[in-house]
Asker: 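Handing you this structure, nothing more for now.
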There are 2 protein chains.
Amino acid sequence: MRSRGGGSGGIRGRSRFAVLGMLTVEPMSGYDIKKFIETSVAHFWRESYGNIYPLLNRLTEEKLVRRRTQRQKGKPDRHVYSLTARGRTEFLEWLGEPVEAETVRSELLLKLFFGRHLATERLESHLEEYREHQTRLLAALRGTREMLDRNHADHPDLRYWLLTLRRGELVARARLQWARESLHGFAKNPGKK
Amino acid sequence: MRSRGGGSGGIRGRSRFAVLGMLTVEPMSGYDIKKFIETSVAHFWRESYGNIYPLLNRLTEEKLVRRRTQRQKGKPDRHVYSLTARGRTEFLEWLGEPVEAETVRSELLLKLFFGRHLATERLESHLEEYREHQTRLLAALRGTREMLDRNHADHPDLRYWLLTLRRGELVARARLQWARESLHGFAKNPGKK
DNA sequence: GTCCTCATGTAACGGGTTACATGATTCT
DNA sequence: AGAATCATGTAACCCGTTACATGAGGAC
């Protein structure tokens, strides 16, 4: 019996397709992939180097990507990866499959759920911090959007990138609204409702 | 050097405080905890039995909870856990600490981000499914809210429970709005924007 | 008869993070 | 002088899920 356990979906991890997908944009090194993720999908997806590098090696073994090595002076060799035909096929297959249930976990909500045991000021400071975080996030999203409009107005992926940005903005706004509303609620009625 | 690796926050897992917190509501068995989670915080937190039971054993060893065993006919012994003073203290400590950065990963957004490579119908079906999912979620949240108002109108935790529900509703509505808006966008302009 | 609920637990496994290791170059 | 950027990689380790194992009693 060898198909037990494992995250949420057998042997096919989530990260592999993220990486594969980034390579549909253009050939990149592991380092590039990380940077690109940070400036494009960071609001809904992250990867660490400790995940990316071993992954790229596995993908190379599986012939889903091809590696070209560029020698550099004073720096380690730069490995530029590009999709193979098989890699592209597998990626497209995944892309068409229904989205698997997402595991959501919000530590903030968990803390608020038990908020009765928390001093009102602490509770408010949690909300406060959250509000600030969402504000920063919104600003970052707007920044990204402006950057895209400026630098990538003709990029074939632009439309889809904006789609995800838009969701980020709408959700961040809703969270912001909720944080404000909740803070007002506690300001008016510190002890109880 | 023994404090390497590990999720996001050293040896203190996220689940332990979720479990500890549930026991502030009332003493419960592992089974109860799971059920309670499903009817209260499921929209932002989940736990599996395979996590809960071993966790309760560890918490018992660490003297953060106390176990009472109830014998039953035809069923396994029922273990009812309650917080110890130490357990309560550790829980309250955690409750006051700032919320750690949350890892967000949305497979849907990842797929849409690469949407250029997807046939428009498939892309729409992803959005469609998401829209339905959010609609069901909203209905469930409203159901929970009504249930709370009916059965727990005087529960000391009610206010905080409603707070988390409210966030669930606002965010689900925003996501729903986004899904509709995006579907309209693609209906009008299937090929490109 | 078959399915659901109650009830607890273990084994296997995949996944992903953080910290460490290394080191030249360029910016401040 | 010190920090950040470029660049790749490994080791340790925690976290949590799924599938399996077991079994009585009640509902339909």
Side-chain angles (χ1 to χ4, degrees), chain A residues 1-19 28-39 45-61 67-81 100-105 107, chain B residues 1-19 28-39 45-61 67-81 100-105 107:
Chain A
M1 255 106 284
R2 69 165 307 303
S3 81
R4 295 244 208 98
S8 58
I11 209 162
R12 13 188 63 213
R14 318 135 191 66
S15 299
R16 60 191 290 116
F17 297 107
V19 168
M28 281 189 258
S29 69
Y31 191 83
D32 294 336
I33 289 173
K34 178 92 196 293
K35 294 297 151 192
F36 185 65
I37 286 175
E38 274 164 18
T39 58
W45 203 273
R46 273 156 206 269
E47 292 293 345
S48 63
Y49 288 126
N51 200 19
I52 291 174
Y53 286 120
L55 229 175
L56 284 169
N57 286 324
R58 282 190 56 195
L59 292 173
T60 306
E61 280 171 39
R67 164 165 48 205
R68 264 172 305 142
T69 303
Q70 294 174 351
R71 281 209 199 112
Q72 302 185 119
K73 26 171 185 190
K75 292 179 198 171
D77 286 358
R78 188 178 139 85
H79 300 324
V80 179
Y81 297 88
E100 286 180 49
E102 308 187 359
T103 314
V104 199
R105 286 192 144 192
E107 199 183 307
Chain B
M1 253 103 282
R2 67 163 309 302
S3 79
R4 292 243 210 99
S8 59
I11 209 161
R12 12 188 65 213
R14 318 136 191 69
S15 297
R16 61 193 287 119
F17 297 107
V19 167
M28 282 189 258
S29 69
Y31 191 83
D32 295 337
I33 288 173
K34 178 90 195 295
K35 294 296 151 193
F36 184 66
I37 285 175
E38 275 164 17
T39 58
W45 203 272
R46 274 157 206 268
E47 291 294 344
S48 63
Y49 289 126
N51 200 19
I52 291 174
Y53 286 120
L55 229 174
L56 283 169
N57 286 324
R58 282 188 55 195
L59 292 173
T60 307
E61 281 170 38
R67 164 165 48 205
R68 265 171 304 141
T69 303
Q70 294 174 352
R71 285 218 192 105
Q72 303 185 118
K73 28 177 182 183
K75 292 179 199 170
D77 286 358
R78 188 178 138 85
H79 300 323
V80 179
Y81 296 88
E100 285 181 49
E102 308 187 359
T103 314
V104 199
R105 283 192 147 191
E107 199 182 307

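Within every chain, numbering begins at 1; the chains are lettered A, B, ... in the order of the sequence lines, protein sequences first and strands thereafter.
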Asker: Using whole Å, report how far CD of A:E102 lies from P of D:dG16.
Answerer: 18 Å
Asker: Going by side-chain hydrogen bond (donor to acceptor under 3.5 Å, both in side chains), name the residues that satisfy it together with B:D77, two or more places apart in sequence or in a different chain.
Answerer: none
Asker: Compare side-chain N and O positions of A:R105 against OP1 and OP2 of D:dG16 and report whether any pair is under 4.0 Å apart.
Answerer: yes
Asker: Each nucleotide in nucleotides 2-8 of chain C should get exactly one letter: B, S or -. Can you fill that in based on protein heavy atoms under 4.0 Å?
Answerer: ---SBBB
Asker: If only side-chain N and O atoms of B:R14 are considered, is one of them under 4.0 Å from the OP1 or OP2 phosphate oxygen of D:dG16?
Answerer: yes
Asker: May I have the distance from A:R16 (atom CZ) to C:dG16 (atom P), rounded to whole angstrom?
Answerer: 11 Å
Asker: Assess the residue pair B:R14 and B:E100 against the criterion (side chain to side chain contact (heavy atoms under 4.5 Å, CB included)); give the C-alpha distance rounded to whole Å, side-chain angles, the decisive distance to 0.1 Å, and a yes or no.
Answerer: CA-CA 10 Å; B:R14 318 136 191 69; B:E100 285 181 49; over 6 Å; no
Asker: Using whole Å, report how far CG of A:N51 lies from P of D:dC15.
Answerer: 17 Å
Asker: Round to a whole Å and report the spacing from CD1 of A:I52 to C1' of D:dG9.
Answerer: 12 Å
Asker: Closest approach to the side chain of A:S48, judged atom by atom: which nucleotide of D:dT17, C:dT18, C:dT10 is it?
Answerer: C:dT18
Asker: Measure the CG-NZ distance between B:N51 and B:K34 for me, rounded to the nearest 0.5 Å.
Answerer: 10.5 Å
Asker: Between P on D:dT18 and CZ on B:R46, what's the gap in Å once rounded to a whole number?
Answerer: 10 Å
Asker: Strictly below 4.0 Å: does B:S15 bring a side-chain N or O up to OP1 or OP2 of D:dG16?
Answerer: yes
Asker: Go ahead and write out DNA chain D as dot-bracket, 5' to 3': ( ) for pairs within the strand, [ ] for ones crossing earlier pairs, | when the partner sits on another strand, dots for unpaired; Watson-Crick or G-U wobble, both distances under 3.5 Å.
Answerer: ||||||||||||||||||||||||||||
Asker: Tell me every residue that passes salt bridge (charged side-chain N to carboxylate O under 4.0 Å, His left out) with A:K35, counting only those two or more places apart in sequence or in another chain.
Answerer: A:E38
Asker: Looking just at side-chain N and O atoms, do B:D32 and B:S29 make a donor-acceptor pair shorter than 3.5 Å?
Answerer: yes
Asker: Starting at CZ of A:F36 and ending at C1' of D:dC6, how long is that distance when rounded to a whole Å?
Answerer: 19 Å
Asker: Looking at residues at least two apart in the chain, or sitting in another chain, which of them share a side-chain hydrogen bond (donor to acceptor under 3.5 Å, both in side chains) with A:R67?
Answerer: A:N57, A:Y81
Asker: Can you list everything that forms a side-chain hydrogen bond (donor to acceptor under 3.5 Å, both in side chains) with B:Q70? Sequence neighbours excluded, please.
Answerer: B:R78
Asker: Taking only residues two or more places apart in sequence or in another chain, which ones pass salt bridge (charged side-chain N to carboxylate O under 4.0 Å, His left out) with B:R105?
Answerer: A:E47
Asker: Verify, without hydrogens or angle tests, whether A:E102 (side chain) and B:E107 (backbone) share a donor-acceptor contact under 3.5 angstrom.
Answerer: yes
Asker: Between B:E100 (CD) and C:dT18 (P), how many Å, whole number?
Answerer: 10 Å
Asker: Whole angstroms only, please: what is the CG-C1' distance between B:L55 and D:dC14?
Answerer: 12 Å
